[in-house]
Amino acid sequence: MQQELDERKWTILKAIIKTYLETGEPVGSRTISKYADLNLSSATIRNEMSDLEDMGLILQPYTSAGRIPSDAGYRYYVDRMMEEKDREVTEMKEIVFQRQDKMELILRQMAKILASNTNYAAMISGPQIHQTKLKFIQLSIVSESQILATVVTETNVVRNKMINMEHDLDHETILNLNVLLNTALNGLTLEQINLATISKLKQEAGEHSDVVNRVLDAVAEAIQSDNEVEIYTSGATNIFRYPELSTSEKASELIDAFEDKRNLAGLIASDDSGQETGIQVYIGQETPIESMRDCSVVTATYELGDGMYGRIGVVGPKRMDYDKVVGTLKTLTSQLDQIYKKDKENDKEND
């Protein structure tokens, strides 16, 4: 990499490149002066642009025109951007893993508390992400036949997906694809990545359109990994406290149902819209799981902010203390929200 730019020059270079990528037209100082991260006069920006031109990072295609990036400017932009993204991915992974570990402990403990306080069986789903926007995508070469797509969402969730390739890709191509994908997709939800966006991406990728296709599949799979939601359970043996559920056949069926995480995910995982945030009560035949139709199930959605939702559920006899269960669920959903907000505040203080 060439001589390191100070923050002002780097911000101006980024603005020139991003604007040029969007418009295809030479970029003038007045356009750059409107850039959100700058509070500089056009004269100051012209001086900085002159320095960038002397350094060979931008050039003037003809007299009285604005500037466009040079090959060296693109190279500097890509190299520095990838360095920043590498750092950000590493930092995000550390934060996410710490949060995931802590959240898992909290949810396991809350399932135990819920089972103990109600004397029923309890279950809690891990938080799921809805309407998530892409923060950035990073492609990295792993081997001659594999690349790693790292997807980071606006909520700082990191997903990794290995993609098998039929032909080799060099580092230059990967860097160009990273710029292309991030320019087109940053800030979009899956719903906003429509056919027009995909078609334009493939066209710009040219001979590497198949890679774009696979990366988009990886993005969708990474963000829609809600099917792998974790379910934390406790208190299954509380079922034996109630004679109507404690016959050997019924108890065995209930225990089996409680251990089948796929069934439980369908029962208590929050709906796709994430809007169903109230209490739901299933009584007897209303219960979606057949082996639980001698029971009642009460569920509540908890929300952690940033589009993350999960559900808490209680399984007990139809004569359960509904008032107590509903009150306990409301308390726990409020406590989870407070814990998450406190963690976020602590993260900001430690930054």
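- Looking only at side-chain heavy atoms (C-beta outward), Val298 and Met320 come within less than 4.5 Å of each other.
- Note that CG of Leu245 is 9.0 Å distant from NZ of Lys318, once rounded to the nearest 0.5 Å.
- For the residue pair Leu177 and His208, the shortest heavy atom distance occurs at CD2-CB, 4.3 Å.
- Linking Ile, Leu, Val, Met, Phe, Trp and Tyr residues whenever their side-chain heavy atoms come within less than 4.5 Å leaves Ile113 and Phe258 in two separate clusters.
- When all heavy atoms of Pro69 and Ile17 are compared, the pair lying nearest together is CG-CG1, 3.6 Å.
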Checking Leu216 against Leu185 for the side-chain contact (heavy atoms from CB on, under 4.5 Å) test, could you report, in this order, the C-alpha distance in whole Å, the side-chain angles of both residues, the deciding distance, and whether it holds?
CA-CA 10 Å; Leu216 289 173; Leu185 302 179; 3.8 Å; yes
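- With Ile58 as the partner, the side-chain contact (heavy atoms from CB on, under 4.5 Å) test is satisfied by one option alone out of Ile12, Leu13, Ile68: Leu13.
- Closest approach of Ile163 and Ala149 over heavy atoms only: CD1-CB, 3.9 Å.
- A donor-acceptor contact shorter than 3.5 Å links the side chain of Arg80 to the backbone of Leu5.
- A 4.5 Å side-chain heavy-atom check between Met110 and Ile312 finds every atom pair outside the cut-off.
- To the nearest 0.5 Å, atoms OG (Ser70) and OH (Tyr76) are separated by 12.5 Å.
- The number of heavy-atom neighbours closer than 6.0 Å to NZ of Lys112, taken from other residues, nucleotides and ligands shown, is 12 or below.
- Side-chain atoms of Thr11 come within 3.5 Å of backbone atoms of Glu7 as a donor-acceptor pair (strictly under, hydrogens ignored).
- With values rounded to the nearest 0.5 angstrom, Tyr282 atom OH is found 10.0 Å from Ile289 atom CD1.
- The 12-atom threshold is not exceeded at CG of Asp71, counting heavy atoms of other residues, nucleotides or ligands nearer than 6.0 Å.
- Although no hydrogens or angles enter the test, the distance criterion places no donor-acceptor pair under 3.5 Å between the side chain of Asn164 and the main chain of Gln146.
- Heavy-atom minimum distance, Asp170 versus Ile141: C-CD1, 3.9 Å.
- Checked by atom type and distance alone, the side chain of Tyr120 pairs as donor or acceptor with a backbone atom of Asp321 at under 3.5 Å.
- Residues Cys295 and Leu254 are in side-chain contact: their nearest non-hydrogen atoms beyond the backbone lie under 4.5 Å apart.
- At a threshold of 4.5 Å between non-hydrogen side-chain atoms, the residues Lys18 and Tyr77 count as touching.
- Between the Asn178 side chain and the Leu139 main chain, a donor and an acceptor come within less than 3.5 Å of each other.
- Side-chain atoms of Met49 and Ile16, non-hydrogen and from C-beta on, do get closer than 4.5 Å to each other.
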Passes side-chain contact (heavy atoms from CB on, under 4.5 Å), Glu48 versus Ile32? Steps please.
CA-CA 11 Å; Glu48 295 288 5; Ile32 298 302; over 6 Å; no
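- If you check the side chains of Asn47 and Ser50, you find no donor sitting under 3.5 Å from an acceptor.
- Note that NZ of Lys250 is 14.0 Å distant from CZ of Arg293, once rounded to the nearest 0.5 Å.
- No more than 12 heavy-atom neighbours from other residues, nucleotides or ligands sit within 6.0 angstrom of CG on Asp323.
- Here the side chain of Asn238 pairs no donor or acceptor atom with the backbone of Ala121 at under 3.5 angstrom.
- Remark: the backbone N or O of Arg311 is not paired with any side-chain donor or acceptor of Thr301 at under 3.5 angstrom.
- Thr233 places a side-chain heavy atom less than 4.5 Å from the side chain of Met123.
- Judged purely by atom type and a 3.5 angstrom limit, Ser199 has no side-chain atom pairing as donor or acceptor with the backbone of Ala196.
- Using a cutoff of 4.0 Å between basic side-chain nitrogens and carboxylate oxygens, Arg75 and Glu172 are scored as salt-bridged.
- Taking 4.5 Å as the limit, some side-chain heavy atom of Ile147 sits within range of a side-chain heavy atom of Val211.
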Are Ile283 and Tyr322 close enough, and set up right, to give a side-chain contact (heavy atoms from CB on, under 4.5 Å), and what steps lead you there?
CA-CA 11 Å; Ile283 301 173; Tyr322 294 97; 4.0 Å; yes
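- Of the inter-residue distances, the one linking Lys200 atom NZ with Leu180 atom CG reads 9.5 Å to the nearest 0.5 angstrom.
- Contact detail for Ala111 and Tyr232: the closest heavy-atom pair is CB-O, 4.0 Å.
- Between the Thr333 side chain and the Leu329 main chain, a donor and an acceptor come within less than 3.5 Å of each other.
- Between Glu244 and Arg319, at least one side-chain N (NZ, or NE/NH1/NH2) sits under 4.0 Å from a carboxylate O, which counts as a salt bridge.
- Atom OG1 of Thr247 sits about 8.5 Å away from atom CD of Glu253, to the nearest 0.5 Å.
- Across all non-hydrogen atoms, the minimal contact from Ser296 to Pro317 is CB-O, 3.9 Å.
- Looking only at distances, a side-chain donor or acceptor of Thr183 sits under 3.5 Å from a matching main-chain atom of Val179.
- With contacts defined as side-chain heavy-atom distances shorter than 4.5 Å, the pair Asp294/Thr287 does not qualify.
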